[in-house]
Structure formats: structure tokens, C-alpha cells
Amino acid sequence: MRSAEAVRNTKETQIAIALNLDGQGNGEIQTPIGFFNHMLELFAFHSGMDLSVKADGDVDVDDHHLVEDTGILLGTLIAQALGDKCGIRRYGNCRLPMDESLAQIDLDFSGRPYLVFEGEFHREAIQNFSTEMVEEFLRAFAFNSKLTLQVRFSGKNDHHQIEAIFKGLARAVKEAVRIESDRLPSTKGVLE
Ligand SMILES: [Mn+2]
């Protein structure tokens, strides 16, 4: 079973995540940021993983610590669940439209963390979720899962743009972690 769980407590946030890469897309998400809950639920559903996230923290400061720390732990646990990555497809791609918005996600569980993030938001925040935190979340996620992640998006409505990014990311991750052989997908013989 490719699963992992951990608790990460700091003076700023308390986060507990459990995931199973080979799940049914069941999300059990509980954070004080409604829009973030919406995105993590979509992520669980479209990635096909079972994902439980319980996060609390200093959202009286702002949403930065909680969203970033959730990205750190989620990325860490995906790397842990993947183990030596033997047999995985490794690459994932998804172009995902949502009404007028389009997100294009290209990723590689290369072991070399990298983030390309190209697109513009039009407003500061969606309720208590800052649009600038999308990039911070993705960077934390990519660096801790050792993922090369390229995200490009366009659109008019920021709710749509962000939703397209999270759904596209989920679909691309689902494709990349799929087991399709019995060997490591690298001529170098190692993916780390
Ligand atoms: Mn929505």
C-alpha cells in the first residue's frame, strides 16, 4: 500500500495529513480556510488518492503559514508514499479548462524540485485565501515532493483559474504516480 501519514507542529501551525496514493479520491479536509478546503477536496477527488487533512494555525496573522505548511507536509508525504518510485509512470500532463479559464500542468517526479509558475490573478484574495498563496503552496508542494512542476494558466475569474490549477495538478499527479512497469523510469538508475 502506497500510503503515508504524519503530524507537523510548529509555533505557527498544527497539521496532520494521511494519504493513500491508491485510494478512491475520498477527501476529508478540515482547515479554517473555506476556499482552501474546496481546493484540497477537489485535489483528493481528481487525484484518486484518499486524503485526510486537518490543519489549524495562526490564521489571525494571515493564511500564509497554514497554506504553505500544508503544502510542505503534503509534498513530504507524497514523496514518502512513492518510496523509490519503482514502476511509476513518472511524468504527468493535464490541460484543464474551467469555463473561460485554462490551466496547463506538466510535471515530472524527477527528484529535482523546480517550479515554473506563469499566469496572473486579478484580485487579492478569495475570502480568507490570498491568491498569492497559490504559488507558495505549489512551491512548497513541489520542493518537498521533489517534483519538477510547470504551471501555466489564463482566465478572467480567479476562482475558476485556481480551481483549474488544482484539478489539473491532481489529474497530472494521478497519471505520474500510476504504476506501469516493474522498473525505475530512469536511465540514470535513480530518481532522487
Ligand atoms: Mn468552485
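First listed ligand is number 1; within each ligand, the first listed atom is number 1. For the numbers below, each heavy atom of this structure counts, side chains included, while hydrogens, waters and symmetry mates do not.
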Throw together a table of side-chain donor-acceptor distances under 3.5 angstrom for residues 107-117, partners on residues two or more places apart or in other chains.
unit_1 : atom_1 : unit_2 : atom_2 : d
Asp108 : OD1    : Arg90  : NE     : 2.7
Asp108 : OD1    : Ser110 : N      : 3.3
Asp108 : OD2    : Arg90  : NH2    : 3.2
Ser110 : OG     : Arg112 : N      : 2.9
Ser110 : OG     : Arg112 : O      : 3.2
Ser110 : OG     : Thr148 : OG1    : 2.8

Metal environment of the Mn ion (ligand 1), protein N/O/S under 2.8 Å | His38 NE2, His159 NE2, Glu163 OE1
So, Asn157 side chain and His160 main chain: donor-acceptor pair closer than 3.5 Å or not?
-> yes
Phe43 and Phe137: aromatic ring centres closer than 6.0 Å?
-> no
Glu175 and Arg89 ion-paired at < 4.0 Å | yes
Could you tell me whether a side-chain N or O of Ser130 sits under 3.5 Å from a main-chain N or O of Met133, the two making a donor and an acceptor?
-> no
Below 6.0 angstrom between ring centroids: does that apply to Phe35 and His159?
-> yes
